[in-house]
There are 2 protein chains.
Amino acid sequence: MDRFVSTFTNKIDAKGRVSIPASFRAVLERDGYAGGIAGGLYCYPSLDAQALDAGGERLAKKIDGLLAGLPDYSDERDELSVALYGDVQVLSIDGDGRIVLPENLRAHANLDAAVSFVGLGEKFQMWEPKLFEARRAEARSKVQVTRKLFAAGSRPSSDGGDEGARE
Amino acid sequence: MDRFVSTFTNKIDAKGRVSIPASFRAVLERDGYAGGIAGGLYCYPSLDAQALDAGGERLAKKIDGLLAGLPDYSDERDELSVALYGDVQVLSIDGDGRIVLPENLRAHANLDAAVSFVGLGEKFQMWEPKLFEARRAEARSKVQVTRKLFAAGSRPSSDGGDEGARE
DNA sequence: CGGGCCTTTATGGGATCGCATGGGATTTGA
DNA sequence: TCAAATCCCATGCGATCCCATAAAGGCCCG
């Protein structure tokens, strides 16, 4: 497995520690984790959501790629650089696969008692569980519309067994 | 055989385990199951039905293909990522060909005692048996062609009346 | 054509393993 | 010296593996 998939919700303990889901840790290790598990986890506030984005080396490279695509000394680049790099924290993962979220990150995502880890393929997000439920419901309702477009184009004719299964 | 066909109903045991029909397992293996049977089964709530969609690598690639066509950091991609990756569960298949359905998936499809596995070609669905019966009956009442076949006396083997599982 | 053996499959239960979580001990930095 | 962060160990729960059983279907042989 080489992508972050699924959603897991873990608790924040009295010391502010949270376990990263085991399957996510596996992805991080395979992601070319500089320095093995002792390396770090790239984490920063989501640009457009009340959540945190996180990932390994691959995500870091992707951010570099985005910035590289913009002209030097442009306003956009400056703003993106600040927005992304400026708030990035490299969190260390302890021997039990846990991290401690700094105060400013906790505040941005409104995290206190628990964290929902949401796999998004090349990265994952950390949400306050209730906020994520709302977000998920919203996403699903929007995708309902989009989905029909995809379904019409991508479904092979062999899928004829459909009758009776849906309406 | 390389498509999921027919319908089978299996029980959920005290631990929440369900056997995947043997013929479906065969399809999964032939589907280019990365890492052999130890790989996983991609499963998520149907967007438009009270059921679960599931499939193998082919289905996973399809999801990737959808996302690959969208630009990074676009709204559409975010929505789809959350709706698909976030909701997708990679269920592991044990040595006996069984899976354990997580609570949120069980809830979506209203599964408790048994599951009807419905082949849809490249993927299959998992239904609460009674719900599926209702759906099937509804669909059949709409399909007038079936009546004509009966009247003509040329009862095709494909008629569904007997596809129920063993029990 | 029929009967019996053998394989496959679903299902149940017990045992084991891994993971999330909590608490104490130890180090680090001011 | 004290506070805060890190490391290490304990534990409980859930998930996973392994084996046993039984029923069904297929196959071969009579």
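First the proteins, then the strands, lettered A, B, ... as listed; each starts at 1. Note: hydrogens, waters and symmetry copies are ignored here, and every other heavy atom, side chains too, is used.
- For Arg136(B) and Glu133(B), the salt-bridge test passes: some basic side-chain N is under 4.0 Å from an acidic carboxylate O.
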Nucleotides 8-10 of chain D: which of its N/O atoms have a protein N/O under 3.5 Å away?
unit_1, atom_1, unit_2, atom_2, d
dC9(D), N4, Asp96(A), OD2, 2.8

**Request:** Test Leu28(A) against Phe4(A) for side chain to side chain contact (heavy atoms under 4.5 Å, CB included), laying out the working first.
**Result:** CA-CA 9 Å; Leu28(A) 286 173; Phe4(A) 299 102; 3.7 Å; yes
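- Looking at Lys123(A) and Asp53(A), a side-chain N of the basic residue comes within less than 4.0 Å of a carboxylate O on the acidic one, giving a salt bridge.
- In this structure, Leu91(B) places its CG atom 18 Å from P of dG14(D), rounding to the nearest Å.
- The aromatic rings of Phe8(B) and Phe24(B) stand perpendicular to each other, their planes meeting at an angle above 60°, with 30° marking the opposite boundary.
- Across all strands, Ile99(A) comes closer than 4.0 Å to no nucleic acid atom at all (heavy-atom distances).
- Remark: Ser92(B) is in phosphate contact with dT16(D), judged by side-chain N or O atoms under 4.0 Å from OP1 or OP2.
- Qualifying salt bridge (charged side-chain N to carboxylate O under 4.0 Å, His left out) partners for Arg17(A), counting only residues two or more places apart in sequence or in other chains: Asp13(A).
- Atom P of nucleotide dC19(C) and atom NZ of Lys11(A) are separated by 18 Å, given to the nearest angstrom.
- The interatomic distance linking Asp13(B) (CG) with dC19(D) (P) rounds to 18 Å, in whole Å.
- In this structure, Ile20(A) places its CD1 atom 17 Å from C1' of dG18(C), rounding to the nearest Å.
- A straight line from CZ of Phe24(B) to C1' of dA10(C) spans 15 Å, rounded to a whole angstrom.
- Nucleic acid contact class of Ile12(B) (heavy atoms, under 4.0 Å, all strands): none.
- dA10(C) atom P lies 12 Å from atom CD1 of Ile93(B), rounded to whole Å.
- Separating the CG atom of Leu41(B) from the C1' atom of dT16(D) is a distance of 16 Å, rounded to the nearest angstrom.
- Side-chain proximity of Asn10(A) to the nucleotides dA10(C), dA20(C), dG22(C) is greatest for dA20(C).
- Interatomic distance, NZ of Lys11(B) versus CG of Asp112(B), reported as 13.5 Å (0.5 Å rounding).
- With sequence neighbours excluded, the residues forming a side-chain contact (heavy atoms from CB on, under 4.5 Å) with Pro45(A) are Asp87(A), Leu105(A), His108(A), listed by chain and number.
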